[in-house]
K.L.:
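Can you keep this structure in mind? I'll have questions shortly.
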2 protein chains.
Amino acid sequence: METVSENRAFGGVQGVYRHASKATNCDMTFGLFLPEEARDGPVPLLWYLSGLTCTHENAMTKAGAQAWCAEQGIAIVFPDTSPRGEGVADDDAYDLGQGAGFYVNATQDPWAPHFRMWDYIADDLPAVLAENFQLDMDRQAITGHSMGGHGALTLAMNLPDRFKSVSAFAPISNPTASDWGRKQLLAYLGDNEADWAKHDATLMMRDKGFDGPILIDTGTSDQFIDLLKPEALSHAIAERRQQATVRMQPGYDHSYFFVSTFMEDHVSFHAEALYGA
Amino acid sequence: METVSENRAFGGVQGVYRHASKATNCDMTFGLFLPEEARDGPVPLLWYLSGLTCTHENAMTKAGAQAWCAEQGIAIVFPDTSPRGEGVADDDAYDLGQGAGFYVNATQDPWAPHFRMWDYIADDLPAVLAENFQLDMDRQAITGHSMGGHGALTLAMNLPDRFKSVSAFAPISNPTASDWGRKQLLAYLGDNEADWAKHDATLMMRDKGFDGPILIDTGTSDQFIDLLKPEALSHAIAERRQQATVRMQPGYDHSYFFVSTFMEDHVSFHAEALYGA
């Protein structure tokens, strides 16, 4: 693992690191904020999965999360959204290929050799983090925005006992029924829709649910709300009697102005789960 | 004035607007965050002047100021750092021309026709803001980063009674004695160094000072600290017995990670001056 940069921030360190990933078979870059407390011993870890077109950098610079993570003594990691670099397949569309990994393991060409973001987030990056930083891997939580909200919810429900809590900002909530989902799941996973189900938060909620608290915020003026389908996931949550807070935030859109507005609430929510556990 | 965008944020609105400026003789773009309280009547206004290479957008998306301004019920405006567009002179260097207006009125060619950022910030933009928004122009404060810290300090000292308080993040503090200053002041104002004095915070501090509180933060690991010369301004402040808090922040650099870390302190500092007045 190589250090790209380290900046002092909120009493801790905002770092950017690069490593050779076995999962994606290419170099991957991630951001990690460590609060001051990490000097003295392991701290809990919050994952932030980003949305379409983002790299590790967008949320790291625009979501305002470090202030609240510093206050709570929690680390936060900002992974990239796809493999990148020479020899990695891509597509002209913003919503397929690089920047649009959708947190799945692709089985179809030309994506299969590198687009294994599920394994990257579930196995590969956790191992790198545990080895190199003062992190308490028994206390992890996960959040994300848009495509990253989809990733956070599906990872949390598919990996029981991994995350104490899960939250999401404007998540893609029912991708098997949306143009933000069907196109990508077909391209990455092929046409057997049974293989798609574990990557749909609404279907996972119907099937398994989550053993812990959930917080979801979506703006009522989100310009992509018809693609996000919050109504499908809200219905499944209520039907399951799943412990959750689902908020429709009046007038907010899909931007980082929305994300940063509610970041304090999300970090506090996760802190309660991480420190209460 | 034309609305470029408006996003709901922290209970208020983060807008971006464009207008034809008489001062710079071209279209200018600025960001303005209005807190919820502006719906009911005029709110105090904090100016944030940005540094070299920035537009109106950098601080608006990376400084995390809106959270604290919302908490305090204060508006914050993010002006651009220079004129821009077709027919506006420029230079290949990052530190001259577009993105590097230095908050002066240029008298030298090719800069004189458009590079009048002093008049833009002192007269033109205030008139546009007063006309179009619910702002209490009797309660203004000013801050800025790097070149913008220089602008904030020199405007505040040159316009007595305009600003209740002034602060700066890593300001260019003594430009008449620095490579971040001499080059630009010569290019914009010509070789009569007497004309440069009002644009040097250290010289202004020696000459006039500021009738109100000052807060200045600089990181001890700032990679540009030799160009900033905080020691010159600190000396002048102490010599004058000027009311001020000057902090050297251990380990912090010149980035927005530094700015965002101390933004809460700066907004609180200004709020006290704005509401106490």
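So that the names make sense, note that chain A is the first sequence line, chain B the second, and so on, each numbered from 1.
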K.L.:
Does atom CG of A:Asp179 have more than 12 heavy-atom neighbours, drawn from other residues, nucleotides or ligands, at distances under 6.0 Å?
P.N.:
no
K.L.:
Looking at B:Pro250, is its backbone amide N or carbonyl O close enough to the side chain of A:Arg8 to form a donor-acceptor pair, meaning the two atoms are under 3.5 Å apart?
P.N.:
yes
K.L.:
Would you mind checking which part of B:Gln66 comes under 4.5 Å of any heavy atom in chain A, side chain (CB onward), backbone (N, CA, C, O), both or neither?
P.N.:
side chain
K.L.:
Select one option (side chain, backbone, both, neither) describing which atoms of B:Asn7 are under 4.5 Å from chain A's heavy atoms.
P.N.:
both
K.L.:
Given a strict heavy-atom distance threshold of 4.5 Å, which part of A:Ser260 is in contact with chain B: side chain, backbone, both, or neither?
P.N.:
both
K.L.:
What closest approach, in Å, do B:Phe257 and A:Thr61 show between heavy atoms, and which atom pair accounts for it?
P.N.:
CZ-CG2, 4.2 Å
K.L.:
Chain A heavy atoms under 4.5 Å from B:Tyr256: which part of the residue, side chain, backbone, both or neither?
P.N.:
neither
K.L.:
Quick one: CD on B:Glu6 to CG on A:Asp253, what's the gap to the nearest 0.5 Å?
P.N.:
11.0 Å
K.L.:
For B:Met263, is it the side chain, the backbone, both, or neither that has a heavy atom closer than 4.5 Å to a heavy atom of chain A?
P.N.:
neither
K.L.:
Which value, rounded to the nearest 0.5 Å, describes the distance between A:Glu71 atom CD and B:Glu264 atom CD?
P.N.:
7.5 Å
K.L.:
When you measure from the side chain of B:Tyr252 to the backbone N and O of A:Gly11, does any donor-acceptor pair fall under 3.5 Å?
P.N.:
yes
K.L.:
Just wondering, more than 12 heavy atoms not from B:His19 lying within 6.0 Å of its NE2?
P.N.:
yes
